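The structure displayed is predicted, hence computed values, not measured ones. Chain letters run A, B, ... following the sequence lines, proteins first, then strands; residues in each count from 1.
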There are 2 protein chains.
Amino acid sequence: MSTVPRPIAPRPQPLDDVSKAIIEQLQADGRRSYAEIGKAVGLSEAAVRQRVQKLTESGVMQIVAVTDPLQLGFFRQAMIGIRASGDTRVVAEKLAALDAVDYVVLTAGDFDILVEVVCESDDELISLLNAEIRAIENVVSTETFVYLKLQKQHYNWGTR
Amino acid sequence: MSTVPRPIAPRPQPLDDVSKAIIEQLQADGRRSYAEIGKAVGLSEAAVRQRVQKLTESGVMQIVAVTDPLQLGFFRQAMIGIRASGDTRVVAEKLAALDAVDYVVLTAGDFDILVEVVCESDDELISLLNAEIRAIENVVSTETFVYLKLQKQHYNWGTR
DNA sequence: AGTGAAACGACCGTAGA
DNA sequence: TCTACGGTCGTTTCACT
């Protein structure tokens, strides 16, 4: 039995510790000044700015506002597993176009697509499921996981 | 191991159009200057600054750096549905403490907990499942949904 | 890739409608 | 809650290492 030649992955950039430190600073506060970050990581202000620019331009990182659904009156969140027929990419696009859908991923496994939805109420969730999601062509079945408590947030993830 | 800060007031203020517009600006670019935002939404720099401060202090919004796992060499992502016995909150805490786990939510439905994981390779995913996740007390069974394509991102969600 | 310095622009506190 | 304004600090550009 021969070993399978493992294709060297197009590993983008082996981030050095300084860039990791910069990212950590900006994960704590995306508006922290370059000068302040520079002090923390031991670099000049201009150097920090250059690195941040590269990191954002290359798509490694972006600095954005993220909102809390609960604070905006969307008390009901859920993950919905979807089984679909036909081209699942087309189904995923239609799902992504829905207002209440904030997350769509094509998966391998018992579900073809996972979507996260954000609703104001149970009623909205019900009509979303019935009138919108199940109405999409090639959606075969759905399974809903209503959120009880968010324990760890997606965008808090860092560079490990 | 980061717990999501709970909102102080379960009293969601209905955002006016100006604040929504400000949030949209910052969702496009979290570092956009207050002056520039002011021009776009028709407000003075100081007024924008005050509103942004309120929005962040009240937890409605936060401005942070978010990173792209793929760009950092984490080519394998998955959602894992977990069935657990005992106090699922305790299990969820232990899951959230894992390095490779970037998202944890307690749910009602066929799974008790959903976690999203970020791995460098299939091998890492396998050992994560076997050595880490299934090793946690009261984890009864798991079901894995390997990501094929991320279609819509969580933090792009706005104010509807 | 990094520093330093000077001009410019953004940010912050405070005062006042 | 907003505008106005002055002091301070951050950002930008550039010349240089």
**Prompt:** Counting side-chain heavy atoms from CB outward, which of dT3(C), dG10(D), dT3(D) is closest to Leu43(A)?
**Reply:** dT3(C)
**Prompt:** Please give, in whole Å, the distance from dC2(D) P to Glu45(B) CD?
**Reply:** 13 Å
**Request:** Give the nucleotide from the list dT3(C), dA4(D), dA10(C) with an atom nearest to the side chain of Ser33(B).
**Result:** dA10(C)
**Asked** Quick one: which of Asp112(A), Asp110(A), Thr142(A) gives a side chain to side chain donor-acceptor pair (under 3.5 Å) with Arg83(A)?
**Response** Asp110(A)
**Message:** Taking the side chain as everything from C-beta on, heavy atoms only, tell me whether Val146(A) gets closer than 4.5 Å to Leu125(A).
**Reply:** yes
**Request:** Provide, to the nearest angstrom, the distance between the OH atom belonging to Tyr34(A) and the P atom belonging to dG10(D).
**Result:** 13 Å
**Item:** Distance in angstrom units between Lys54(A) NZ and dA1(C) C1', rounded
**Value:** 8 Å
**Prompt:** Below 4.5 Å, heavy atoms only, C-beta onward: do Leu55(A) and Leu15(A) meet side chain to side chain?
**Reply:** yes
**Message:** Within the structure provided, determine whether Arg51(A) and Leu43(A) are in side-chain contact (heavy-atom separation under 4.5 Å).
**Reply:** yes
**Request:** Name the residue closer to the 5' end of DNA chain D, choosing between Lys39(A) and Val48(B) according to the nucleotide with the nearest heavy atom.
**Result:** Val48(B)
**Nucleic acid contacts of residues 19-29 of chain B, taken as heavy-atom distances under 4.0 Å to DNA chain C** = none
**Prompt:** Given side chains that start at C-beta, do those of Met61(B) and Leu26(B) come closer than 4.5 Å, heavy atoms only?
**Reply:** yes
**Request:** Check the pair Lys20(A), Glu24(A) against salt bridge (Lys or Arg N to Asp or Glu O under 4.0 Å), reporting the backbone distance first and the verdict last.
**Result:** CA-CA 6 Å; Lys20(A) 284 185 185 175; Glu24(A) 271 166 34; over 6 Å; no
**Message:** Just to be sure I understand the rule, does Gln50(B) reach a base, reach only the sugar-phosphate, or reach nothing, if contact means heavy atoms closer than 4.0 Å?
**Reply:** base
**Request:** Report the distance from atom CD of Glu36(A) to atom C1' of dT11(D), rounded to the nearest whole Å.
**Result:** 14 Å
**Prompt:** Any side-chain heavy atom of Ile113(B) sitting closer than 4.5 Å to one from Val139(B)?
**Reply:** no
**Request:** Please say which of Phe74(A), Tyr103(A), Phe75(A) ends up in a side chain to side chain contact (heavy atoms under 4.5 Å, CB included) with Val118(A).
**Result:** Phe74(A)
**Asked** Given dG13(C), is OP1 or OP2 found less than 4.0 Å from the side-chain N or O atoms of Arg49(B)?
**Response** no
**Message:** Show me the dot-bracket string of DNA chain C, counting Watson-Crick or G-U pairs under 3.5 Å, with | for pairs to another strand and [ ] for crossing ones.
**Reply:** |.|||||||||||||||
**Item:** Minimum side-chain heavy-atom gap Glu116(B)-His154(A) below 4.5 Å
**Value:** yes
**Protein-nucleotide distance (Arg51(B), atom CZ; dT1(D), atom P), rounded to Å** = 8 Å
**Message:** Just the rounded figure in Å: distance from C1' of dT13(D) to CD of Gln53(A).
**Reply:** 12 Å
